[in-house]
Student: 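Would you mind keeping the following structure in view while I ask a few things?
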Amino acid sequence: MKKKIIFITGSSGFLGKFFLENALSKGFKVVDILRLKNKSNKDLNFLRKKYANTYKSIFFKNNSEIEKKLKNEKIDYFINFATLYKNNHNHNDILKFTNSNIEFPSIILDLICSKVKKIINFGTMMQHSDGKNHTPKNFYASTKSAFEMILNFYTTTYKNIKFYNLKFYESFSEKDQRKKLIPILFSNYKKKVITKVNSKKLELNIIHVNDIINAIFIILKNNFKSGSYCLSQKKNTKISNLILKINKVLIRKLKTKYLNYKVDKIKKSKLKVLMKWKPDIEIEKKIINMFYNENN
């Protein structure tokens with residue numbers, strides 16, 4: 001059977017790159033679209049050589065070029081990983097947010113909707129800070145909700161396409177180098193530096209990236225109803241307890257200092273968990289093993 005062609009945005013980012021590697025290793029044909037500056041991306045260039053017959057990149061300098069670049073592309077599935085994330089913003093960030101999270105994916109969507117069978121968009125549970133419908137925690141989340149509203153317009157226009165929004169709280173992998181708490185803890189541990197944690201009460205709901213990738217393939221294989229779905233652990237991870245568990249297996253201990261910032265409690269999501277999916281990876285065990293392997 002002929003392999004389906006997956007078209008993706010955001011392949012230079014954390015989640016998009018993981019999916020790209022995984023899809024190519026499974027034999028899928030993948031086409032991504034990247035800004036011209038990413039032509040020198042070493043990781044993507046390596047994959048392009050390794051999977052020369054199944055991986056193709058489209059480069060563009062500005063948004064006005066996108067229509068011409070996509071005109072003759074055959075696409076079965078579209079996955080939008082494109083995102084600009086910052087927890088806080090100032091007015092100088094607004095155009096960057098709207099370009100990356102609204103304008104760019106909207107242009108793509110408008111150009112390819114007549115071609116595709118399924119569209120998967122990645123949002124964030126920060127769009128639902130009180131657990132209900134769109135109550136964005138920050139400006140980043142509000143731009144993700146704005147694009148989701150645009151996506152809703154296309155669901156009414158293209159009845160033959162399945163549309164999915166996937167959302168989670170926190171993601172993690174052992175190769176994670178983002179400025180997120182677990183990678184910072186691990187980096188500071190290697191540097192023998194104390195990590196400041198906002199509160200001893202801090203809890204996170206963390207999904208391993210492999211479980212997120214698995215959710216994508218479940219959607220591609222099944223004919224689920226269009227809609228928004230949450231990927232989450234049944235139980236949150238209390239960070240102070242996790243650090244205690246980590247230190248139990250370490251010779252040289254992980255050093256932390258707890259601050260007294262107020263932290264928001266994670267509200268229970270009103271979104272359904274994706275059908276036929278559950279997190280297979282025990283996230284706390286995975287994190288503890290990462291520290292253990294570094295220390296021993």
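Nothing here was measured: the structure is a model prediction, and the numbers come from that model.
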Student: Going by side chain to side chain donor-acceptor pair (under 3.5 Å), Asn165 matches just one of Asn80, Asn121, Asn152. Which one?
Tutor: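 Of the listed residues Asn80, Asn121, Asn152, the side chain to side chain donor-acceptor pair (under 3.5 Å) partner of Asn165 is Asn121.
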
Student: For Leu70 versus Ile112, what's the shortest heavy-atom pair and its separation?
Tutor: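 Minimum heavy-atom contact is CD1-CG2, 3.9 Å.
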
Student: Let me see the working for Phe7 and Tyr77 under ring pair (Phe, Tyr, Trp, His ring centres under 6.0 Å), right down to the final yes or no.
Tutor: CA-CA 6 Å; Phe7 178 64; Tyr77 307 130; over 10 Å; no

Student: Could you check whether any side-chain N or O of Ser11 sits under 3.5 Å from a backbone N or O of Gly16, counting only pairs where one atom can act as donor and the other as acceptor?
Tutor: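 No, Ser11 side chain to Gly16 backbone: no donor-acceptor pair under 3.5 Å.
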
Student: With side-chain contact (heavy atoms from CB on, under 4.5 Å) as the test, would you mind laying out the steps for Phe104 and Ile66 before giving the verdict?
Tutor: CA-CA 9 Å; Phe104 171 59; Ile66 295 175; 3.8 Å; yes

Student: Are any non-hydrogen side-chain atoms of Glu282 and Gln233 less than 4.5 angstrom apart?
Tutor: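 Side chain of Glu282 against side chain of Gln233, heavy atoms only: no contact under 4.5 Å found.
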
Student: Show me the side-chain donor-acceptor pairs of residues 36-44 shorter than 3.5 Å, one per line, residues at least two apart or across chains.
Tutor:
unit_1: Asn41; atom_1: OD1; unit_2: Asp43; atom_2: N; d: 3.1
unit_1: Asn41; atom_1: OD1; unit_2: Leu44; atom_2: N; d: 3.0
unit_1: Asp43; atom_1: OD2; unit_2: Lys17; atom_2: NZ; d: 3.1

Student: What closest approach, in Å, do Cys230 and Tyr169 show between heavy atoms, and which atom pair accounts for it?
Tutor: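 Minimum heavy-atom contact is SG-CE1, 4.2 Å.
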
Student: Using the side-chain hydrogen bond (donor to acceptor under 3.5 Å, both in side chains) rule, collect all pairs that involve residues 212-227, keeping only residues at least two apart or in two chains.
Tutor: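 Matches after skipping sequence neighbours: Asn222-Lys276.
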
Student: Using atom types as modelled and distance alone, determine if a side-chain donor or acceptor of Ser187 lies under 3.5 Å from a backbone N or O of Pro183.
Tutor: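 Not confirmed, Ser187 side chain does not pair with Pro183 backbone.
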
Student: Return all side-chain donor-acceptor pairs below 3.5 angstrom for residues 141-149, not counting sequence neighbours, or 'none' if the list is empty.
Tutor:
unit_1: Ser142; atom_1: OG; unit_2: Phe139; atom_2: O; d: 2.6
unit_1: Thr143; atom_1: OG1; unit_2: Asn101; atom_2: ND2; d: 3.0
unit_1: Thr143; atom_1: OG1; unit_2: Tyr140; atom_2: O; d: 2.6
unit_1: Lys144; atom_1: NZ; unit_2: Ala82; atom_2: O; d: 3.2
unit_1: Lys144; atom_1: NZ; unit_2: Phe122; atom_2: O; d: 3.1
unit_1: Ser145; atom_1: OG; unit_2: Gln127; atom_2: NE2; d: 3.0
unit_1: Ser145; atom_1: OG; unit_2: His134; atom_2: ND1; d: 2.7
unit_1: Ser145; atom_1: OG; unit_2: Ala141; atom_2: O; d: 3.4
unit_1: Glu148; atom_1: OE1; unit_2: Gln127; atom_2: NE2; d: 3.0
unit_1: Glu148; atom_1: OE1; unit_2: Lys167; atom_2: NZ; d: 2.8
unit_1: Glu148; atom_1: OE2; unit_2: Lys167; atom_2: NZ; d: 3.3
unit_1: Glu148; atom_1: OE2; unit_2: Ser228; atom_2: OG; d: 3.3

Student: For Asn260, look at atom CG and say whether over 12 heavy atoms of other residues, nucleotides or ligands are found less than 6.0 Å away.
Tutor: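 At most 12 heavy atoms, drawn from other residues, nucleotides or ligands, come within 6.0 Å of this atom.
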
Student: Please report the shortest heavy-atom distance between Lys179 and Ile184, naming the atom on each side.
Tutor: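 Minimum heavy-atom separation between Lys179 and Ile184: C-CD1, 3.8 Å.
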
Student: Considering non-hydrogen atoms only, spot the tightest contact between Trp277 and Asp211 and give its length.
Tutor: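 Scanning both residues, the minimum pair turns out to be NE1-O, 2.9 Å.
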
Student: Does the pair Leu181 and Leu202 meet the rule for a side-chain contact (heavy atoms from CB on, under 4.5 Å), with working shown?
Tutor: CA-CA 11 Å; Leu181 180 57; Leu202 179 64; 3.7 Å; yes

Student: Return the set of residues passing side chain to side chain donor-acceptor pair (under 3.5 Å) with Gln177 (not counting sequence neighbours), or none when no residue passes.
Tutor: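 Counting only residues at least two positions away or on another chain, Gln177 forms no side chain to side chain donor-acceptor pair (under 3.5 Å).
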
Student: Quick one: closest heavy-atom pair of Ala23 and Val30, and the distance?
Tutor: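 In this case the closest contact between Ala23 and Val30 is CB-CG2, 3.9 Å.
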
Student: Knowing that exactly one of Lys3, Lys117, Lys118, Lys29 qualifies, which makes a salt bridge (charged side-chain N to carboxylate O under 4.0 Å, His left out) with Asp76?
Tutor: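 When salt bridge (charged side-chain N to carboxylate O under 4.0 Å, His left out) is applied between Asp76 and each of Lys3, Lys117, Lys118, Lys29, only Lys117 qualifies.
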
Student: State, with a plain yes or no, whether a side-chain heavy atom of Ile219 is found less than 4.5 Å away from one of Leu166.
Tutor: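 The answer is yes, as the side chains (C-beta and beyond) meet within the 4.5 Å cut-off.
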
Student: Could you tell me which residues satisfy side chain to side chain donor-acceptor pair (under 3.5 Å) with Asp280, sequence neighbours excluded, listed by chain and number?
Tutor: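 Partners of Asp280 under the side chain to side chain donor-acceptor pair (under 3.5 Å) test: none.
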
Student: Measure the acute angle between the ring planes of Tyr158 and Tyr154, then classify it against the limits of 30° and 60° as parallel, tilted or perpendicular.
Tutor: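 Rings of Tyr158 and Tyr154: parallel, under 30°.
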
Student: Can you run down the ring-ring contact (aromatic ring centres under 6.0 Å, His included) pairs that involve residues 211-252, sequence neighbours left out, and say none if there aren't any?
Tutor: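 For residues 211-252, and leaving out neighbouring residues, the ring-ring contact (aromatic ring centres under 6.0 Å, His included) pairs sorted by first residue read Phe19-Phe217, Phe28-Phe217.
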
